[in-house]
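A quick write-up on the structure given underneath.
These numbers come from a predicted model, not from an experiment. As a basis for the values below, the full set of heavy atoms in this structure was taken, side chains included, without hydrogen atoms, waters or symmetry mates. Sequence positions, counted from 1, serve as the residue numbers for this chain.
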Amino acid sequence: MKIKAKDVNSGYEGYSRVPRFSKKTRAKIIIAAALILVFVSVYVLSLFGVVPLSALKAKVISNITHDNENFPVSINTDSTLRTDNLGDSIVILTTNNVFVYSQRGVLTYSQTHTFASPALSVNGDKAVVFDRGEKGFMLLNEKKVVYSGNSEYDIICAEYGEDGNYALGTHGKSSTSMLSVYSNSHKLIFNWTCDYEHIASIALSSDGEFAGVAVVGADNGELFTTVNYFGFEYNEPFNTHTVNGAVVLDLEYTAFNTLMMFTDNGVYRVEKGAENPQKVADYYSTEFVSCDVNSNGVSVVALAMYGSTNDININVYKSNGKEKANIALNIPVESVSVTDKYIFALAENVIMVYNLSGKQVSEIKIQGDAYSIMPNDDFIYVVSLDKISRCFSYGDSVLELII
């Protein structure tokens with residue numbers, strides 16, 4: 001049987017009032033819709049490569065939480081010896097204290113020290129503060145002081161490994177210098193003495209099984225650097241290489257079984273068991289400006305050649321030592337830094353930011369004098385007179401440092 005619409009009894013009798021949302025409920029709906037719209041826009045923009053998702057996410061979170069209110073962070077220029085990144089945090093070493101601040105500018109913790117000549121060695125989210133020429137040292141991470149101790153001999157340099165082990169380069173009792181490597185339970189697991197040269201730089205592999213040690217010496221009035229590649233199960237190094245006329249600046253594990261040695265006249269790649277080091281880059285010591293390595297082993301070296309024409313470049317290398325990109329600049333650079341996503345060049349009154357392929361993604365104009373920068377993937381911490389300021393890593397902006 002067919003039924004017509006007019007035959008259906010719906011039970012409807014007259015009009016009824018549709019309930020309205022309260023003001024509080026409507027406000028919540030509007031805020032939720034706005035947030036959804038923002039994050040959808042972020043996602044769409046990131047898909048098309050206009051703005052990275054992480055960069056917009058950092059800006060949205062910062063605006064919602066107002067986490068920029070703690071900046072600038074005040075520091076005492078007269079007593080501050082060094083500032084650096086410690087993971088995503090900031091570590092400040094002074095003549096009497098170590099301060100660690102979160103990336104929101106909140107003091108996480110502080111630790112006093114009595115070191116006569118305090119020095120700082122940072123490796124990712126781990127650091128060693130030690131008394132250069134004396135015996136005291138402290139191991140740090142972003143959250144706390146992990147350990148405080150004293151070396152048997154006076155410390156020259158130190159390194160805190162990703163695996164939790166740590167190494168101290170010291171003056172030896174009957175040798176010029178000595179390497180001592182300790183486990184994360186502070187037991188000695190490796191020891192090596194160097195009769196005539198001074199240990200200048202130490203690198204520990206991420207798996208906690210190998211170490212690279214660079215020593216500096218002199219022969220007939222000429223400086224040289226020797227790099228040794230050690231396995232903790234063996235008394236002798238896998239290989240030893242000497243580079244004449246070079247002074248080591250940094251030694252880093254950039255890939256599995258791969259050491260990169262940065263010197264004042266070139267960059268060298270050292271493989272475990274290799275007969276000879278590979279020269280990755282060649283330059284004069286007067287041309288070297290700055291270098292840095294990120295957690296993935298990508299490294300950057302800034303060079304400047306001045307003459308009839310100024311040739312200023314940032315060379316980018318993969319973890320295996322192969323060239324990844326070359327960035328030509330038209331202004332002098334004071335320092336260069338690299339994170340997992342970006343390359344940062346500090347020049348006079350400007351910070352230029354590039355992706356790892358060498359394409360410029362940001363320009364931060366600085367009003368005032370910046371002494372140094374400490375960037376991560378989201379923010380750049382800028383050190384100036386008596387304060388540390390913060391700006392975003394991605395996107396053009398202006399940072400005012402003038403009081």
Side-chain angles (χ1 to χ4, degrees), residues 67 69-171 180-188 199 201-204 208 250 295 337 371-376 379-390:
D67 68 353
E69 293 179 347
N70 297 309
F71 288 94
V73 172
S74 297
I75 58 174
N76 187 331
T77 303
D78 294 332
S79 63
T80 298
L81 302 174
R82 184 176 166 187
T83 59
D84 209 334
N85 293 101
L86 182 59
D88 288 329
S89 301
I90 307 167
V91 58
I92 302 172
L93 176 64
T94 73
T95 52
N96 298 304
N97 293 276
V98 181
F99 300 101
V100 176
Y101 288 85
S102 72
Q103 67 176 0
R104 297 181 62 182
V106 177
L107 181 64
T108 306
Y109 70 90
S110 64
Q111 177 66 48
T112 60
H113 66 77
T114 58
F115 298 160
S117 183
L120 174 69
S121 172
V122 178
N123 182 18
D125 60 356
K126 295 180 172 62
V128 188
V129 176
F130 60 96
D131 200 354
R132 194 186 300 276
E134 297 292 340
K135 297 178 175 61
F137 69 93
M138 295 186 295
L139 305 178
L140 320 174
N141 61 26
E142 292 184 86
K143 297 180 180 179
K144 63 181 179 179
V145 174
V146 177
Y147 180 75
S148 296
N150 287 282
S151 171
E152 187 176 0
Y153 304 106
D154 294 342
I155 302 172
I156 305 170
C157 58
E159 179 80 352
Y160 194 179
E162 292 180 32
D163 192 56
N165 59 359
Y166 58 97
L168 302 176
T170 63
H171 292 294
S180 301
V181 182
Y182 299 86
S183 69
N184 55 14
S185 59
H186 316 296
K187 295 181 180 179
L188 182 67
I199 296 176
S201 187
I202 304 169
L204 296 173
D250 193 17
S295 63
S337 307
Y371 299 156
S372 63
I373 59 173
M374 303 174 293
N376 62 37
F379 303 104
I380 308 172
Y381 306 105
V382 181
V383 182
S384 58
L385 182 63
D386 293 331
K387 63 183 178 181
I388 299 175
S389 304
R390 194 187 78 172

* **Trace of the side-chain contact (heavy atoms from CB on, under 4.5 Å) decision for Ile75 with Val383** => CA-CA 9 Å; Ile75 58 174; Val383 182; 4.1 Å; yes

For [X], all residues meeting side-chain hydrogen bond (donor to acceptor under 3.5 Å, both in side chains), sequence neighbours excluded:
| X | result |
| --- | --- |
| Lys144 | none |
| Thr80 | none |
| Arg390 | Ser62, Asp67 |
| His186 | Tyr166 |

Could you measure the distance from the [atom1] atom of [X] to the [atom2] atom of [Y]? Nearest 0.5 Å is fine.
| X | Y | atom1 | atom2 | result |
| --- | --- | --- | --- | --- |
| Asp250 | Ser201 | CG | OG | 5.0 Å |
| Ile380 | Ile388 | CD1 | CD1 | 14.0 Å |
| Thr114 | Glu134 | OG1 | CD | 10.0 Å |
| Ser89 | Met374 | OG | CE | 11.0 Å |

* Side chain Asp131, main chain Ser117, donor-acceptor under 3.5 Å -> yes

* Asked: Counting distance only, does the side-chain N/O of Ser110 pair as donor-acceptor with the main-chain N or O of Phe99 below 3.5 Å?
  -> no

Pairing residues for [X] by the side chain to side chain contact (heavy atoms under 4.5 Å, CB included) criterion, not counting sequence neighbours:
| X | answer |
| --- | --- |
| Asn70 | Val106 |
| Glu152 | none |
| Ser185 | Ser183, Lys187 |

* By salt bridge (charged side-chain N to carboxylate O under 4.0 Å, His left out) - contacts of Asp163 (at least two apart) ->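 Counting only residues at least two positions away or on another chain, Asp163 forms no salt bridge (charged side-chain N to carboxylate O under 4.0 Å, His left out).
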
Non-hydrogen atoms of [X] and [Y] that approach each other most closely:
| X | Y | answer |
| --- | --- | --- |
| Val122 | Gly124 | CG1-O, 3.8 Å |
| Tyr381 | Gln103 | OH-CB, 2.7 Å |
| Pro118 | Leu81 | CG-CD1, 3.2 Å |
| Gly136 | Asn150 | CA-OD1, 3.5 Å |
| Ser372 | Thr83 | OG-OG1, 4.2 Å |

* **Residue pairs fulfilling salt bridge (Lys or Arg N to Asp or Glu O under 4.0 Å) with at least one residue in residues 108-126, sequence neighbours excluded** =>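 Salt bridge (Lys or Arg N to Asp or Glu O under 4.0 Å) check on residues 108-126 returns no pairs.
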
* Do any pairs count as a salt bridge (Lys or Arg N to Asp or Glu O under 4.0 Å) and have a residue in residues 74-100, sequence neighbours left out, and if so which ones? -> Arg82-Asp84

Less than 4.5 Å apart, any side-chain heavy atom of [X] and any of [Y]?
| X | Y | result |
| --- | --- | --- |
| Tyr371 | Val382 | no |
| Thr95 | Ser79 | yes |
| Val98 | Leu140 | yes |
| Lys387 | Phe71 | no |
| Leu86 | Val100 | yes |
| Ile90 | Asn85 | no |

Side-chain donor-acceptor pairs under 3.5 Å in residues 153-162, sequence neighbours left out?
| unit_1 | atom_1 | unit_2 | atom_2 | d |
| --- | --- | --- | --- | --- |
| Asp154 | OD1 | Lys135 | NZ | 3.2 |
| Glu159 | OE1 | Ser121 | OG | 3.4 |

* **Steps toward side-chain contact (heavy atoms from CB on, under 4.5 Å) verdict (Ile92, Tyr101)** => CA-CA 8 Å; Ile92 302 172; Tyr101 288 85; 3.8 Å; yes

* By ring pair (Phe, Tyr, Trp, His ring centres under 6.0 Å) - contacts of Phe115 (at least two apart) ->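 With neighbours one apart ignored, the set is His113.
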
* **Evaluation steps, side-chain contact (heavy atoms from CB on, under 4.5 Å), between Asn165 and Asn184** => CA-CA 5 Å; Asn165 59 359; Asn184 55 14; 5.9 Å; no

* To do: Kindly indicate, with the supporting measurements, whether the criterion side chain to side chain donor-acceptor pair (under 3.5 Å) is fulfilled by Thr77 and Asp386.
  => CA-CA 5 Å; Thr77 303; Asp386 293 331; 2.7 Å; yes

* **Chi angles and distances behind the side-chain contact (heavy atoms from CB on, under 4.5 Å) call for Thr108, Glu142** => CA-CA 8 Å; Thr108 306; Glu142 292 184 86; over 6 Å; no

